[in-house]
Amino acid sequence: MLLETIRLALTAIIRNALRSFLTVLGVVIGVAAVIAMVTVGQGSSEQVSANVEALGTNMLILRPGTRMMGPGARNTAPAFRLADIQALQDLDSLSSVAPVVSTSETAVFGNTNRTTSVTGTTSAYLDIGGWQIARGRGFTPAEDRSGANVCIIGETVRTALFGATDPTGEKIRIKAISCEVIGLLVAKGAGSFGQDQDDMVIMPVRTVQRRLLGSQDVASVMVQVAPGRSSERAMSDIQTLMRDRRHIAPGQEDNFAVNDMKELASMLNSVNSVLTGLLSSVAAVSLLVGGIGIMNIMLVSVTERTREIGIRLSVGAQASQVLMQFLVEAVVLSVLGGIVGILAGLGLAFVAAQIMAIPFSPSPGVVALAFGFSAVVGMVFGYFPARAAARLDPIEALRHQ
């Protein structure tokens with residue numbers, strides 16, 4: 001009996017194909033939007049975590065000024081000096097310390113050029129940031145100390161200036177500096193905020209300070225916590241040392257900030273989860289709209305098929321059988337919409353993942369929930385038209401023309 005009911009429901013759906021398509025469109029859009037939003041959100045979270053891990057483990061970033069950011073925020077705190085870096089290296093809670101200064105310059109090789117980010121730092125920067133050398137080598141201690149005219153370039157810069165050839169040993173010009181390329185970095189790809197991490201040139205910090213910036217300021221400091229020491233202990237040691245070196249009196253606010261990259265990753269993931277939840281909630285409204293559409297169309301269908309219902313009831317069909325037929329039609333419509341919506345949602349999420357360069361991470365639980373919810377929508381919103389059909393009086397139904 002159930003199979004016959006399903007067959008009749010499918011026959012009615014196929015007979016009115018256009019109306020059936022328009023009926024399930026709301027469910028398709030709702031399910032597709034929810035799955036696409038959740039999948040893209042999960043992929044974004046995984047990308048953020050991967051990018052933070054790529055920056056290095058147990059990494060802290062020290063910057064002058066307070067944590068206040070945004071319009072109207074002013075940073076009047078004094079910058080760090082290389083002497084501060086040397087003092088930080090004496091802390092036993094830290095294993096590596098790297099000063100960071102940066103500027104934007106045009107790198108030139110032959111007839112080609114590219115405007116890129118130039119970072120001045122030391123060899124410790126590569127270890128802290130988890131950078132690997134694909135070809136060539138890093139800075140020697142002597143090159144760090146003397147501020148030699150040497151550089152390490154990222155894959156994007158290599159491609160722009162040298163194509164696929166090996167750049168090591170070649171010389172590029174940055175401003176008035178003729179710089180020998182001694183190393184090529186392994187590509188990392190896009191960062192947490194979409195920036196190209198491979199679009200940069202790394203030079204000794206003293207070279208950038210003297211030859212490019214004309215300043216002894218250090219914009220920020222990257223530090224790595226020593227094995228067996230906690231980030232909290234390291235942050236406390238840094239705070240104590242820097243308050244002393246910057247002559248901050250007891251009770252005065254710090255004019256520097258120490259940020260833990262793990263905290264940043266947690267914050268970004270929390271924001272991403274909230275945004276994904278809000279967008280998914282908005283998308284889920286489409287399912288409600290789709291359910292109301294199913295109810296309205298099924299009510300119209302009951303009106304159009306009043307004579308058919310009267311004939312079935314007059315030849316002995318039970319009201320429960322009529323109710324089941326219309327209820328099955330509604331459920332089949334919503335389930336079909338759910339299946340199409342799942343495929344469309346996964347397709348949209350895959351395309352978005354490729355465009356945004358994030359992992360494609362569909363969640364089986366979300367897919368199953370969306371499919372189950374679409375079936376529930378059909379049952380709930382299909383029940384009222386089905387009950388209306390089952391309650392028709394056979395004689396009155398047969399009189400309907």
Side-chain angles (χ1 to χ4, degrees), residues 48-49 51-53 55-103 117 119-125 127-130 144-145 191-193 195 205-206 208-210 213-275:
V48 168
S49 300
N51 288 339
V52 171
E53 289 180 4
L55 288 174
T57 57
N58 298 326
M59 187 177 76
L60 307 176
I61 296 182
L62 176 62
R63 291 188 174 91
T66 63
R67 295 174 182 265
M68 184 176 66
M69 299 178 66
R74 297 181 62 188
N75 184 10
T76 59
F80 300 117
R81 300 289 181 174
L82 291 179
D84 296 322
I85 310 305
Q86 295 171 357
L88 288 168
Q89 291 172 341
D90 293 333
L91 294 177
D92 58 5
S93 57
L94 305 180
S95 59
S96 298
V97 181
V100 178
V101 296
S102 61
T103 182
S117 172
T119 298
T121 185
T122 63
S123 54
Y125 177 87
D127 296 328
I128 298 174
D144 278 336
R145 289 192 301 267
S192 302
F193 300 99
Q195 76 278 16
V205 61
R206 286 180 171 84
V208 175
Q209 286 179 328
R210 297 170 185 169
L213 299 178
S215 169
Q216 298 300 309
D217 292 348
V218 174
S220 63
V221 185
M222 293 172 54
V223 301
Q224 189 172 46
V225 181
R229 302 301 173 92
S230 66
S231 298
E232 292 75 14
R233 165 68 185 281
M235 293 174 72
S236 177
D237 290 348
I238 293 172
Q239 184 180 31
T240 301
L241 175 65
M242 297 312 298
R243 284 183 65 88
D244 179 62
R245 292 190 59 84
R246 296 165 79 85
H247 308 293
I248 301 175
Q252 286 185 332
E253 185 181 1
D254 293 342
N255 60 6
F256 61 92
V258 186
N259 301 108
D260 190 340
M261 294 305 297
K262 292 180 181 178
E263 294 179 358
L264 175 61
S266 177
M267 180 188 70
L268 290 175
N269 282 329
S270 297
V271 172
N272 187 68
S273 297
V274 171
L275 290 177

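This structure is a prediction, so every number in the text was calculated from the model and none was measured.
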Practice item. Determine whether the side chains of S96 and D127 contain a donor N or O and an acceptor N or O closer than 3.5 Å. Key: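 Per modelled atom types, S96 and D127 side chains form no pair under 3.5 Å.
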Review point. Any side-chain donor-acceptor pair under 3.5 Å between T122 and D144?
Key: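 No, D144 and T122 have no side-chain donor paired with an acceptor closer than 3.5 Å.
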Point to revise | Full working for side-chain contact (heavy atoms from CB on, under 4.5 Å) between V101 and D217 | key: CA-CA 8 Å; V101 296; D217 292 348; 6.0 Å; no
Check your understanding: Is the side chain of R206 donor-acceptor paired with the backbone N or O of T121 at a distance under 3.5 Å, no angle test?
Key ->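 Not at all, since once roles are kept as given, no pair shorter than 3.5 Å links the two residues.
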Check your understanding: Any donor-acceptor pair under 3.5 Å linking the side chain of R243 with the backbone of A249?
Key ->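 Side chain of R243 to backbone of A249: a pair is present.
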Exercise for review: Begin from the C-alpha positions of R229 and D92 and carry the test salt bridge (Lys or Arg N to Asp or Glu O under 4.0 Å) through to its verdict.
Suggested key: CA-CA 9 Å; R229 302 301 173 92; D92 58 5; 3.4 Å; yes
Report yes if the side chains of [X] and [Y] come closer than 4.5 Å at any heavy-atom pair, otherwise no.
X: V221; Y: V100; answer: no
X: I238; Y: L91; answer: yes
X: I128; Y: V223; answer: no

Between [atom1] on residue [X] and [atom2] on residue [Y], distance to nearest 0.5 Å:
X: D244; Y: T240; atom1: CG; atom2: OG1; result: 9.0 Å
X: L241; Y: D90; atom1: CG; atom2: CG; result: 8.5 Å
X: I248; Y: F256; atom1: CD1; atom2: CZ; result: 5.0 Å
X: S220; Y: N259; atom1: OG; atom2: CG; result: 10.5 Å
X: L62; Y: F80; atom1: CG; atom2: CZ; result: 3.5 Å
X: Q209; Y: L82; atom1: CD; atom2: CG; result: 4.5 Å

Provide the closest heavy-atom pair for [X] versus [Y] in the form atom of the first, atom of the second, distance.
X: R81; Y: Q216; answer: NH1-CB, 3.0 Å
X: V225; Y: S95; answer: O-OG, 3.6 Å
X: P78; Y: P64; answer: O-CB, 3.4 Å
X: R246; Y: A79; answer: NH1-O, 3.8 Å

Exercise for review: Would you sort out whether Q89 and L94 count as a side-chain contact (heavy atoms from CB on, under 4.5 Å), showing the intermediate values?
Suggested key: CA-CA 7 Å; Q89 291 172 341; L94 305 180; over 6 Å; no
Practice item. Tell me, with the steps shown, if V258 and I61 meet side-chain contact (heavy atoms from CB on, under 4.5 Å). Key: CA-CA 6 Å; V258 186; I61 296 182; over 6 Å; no
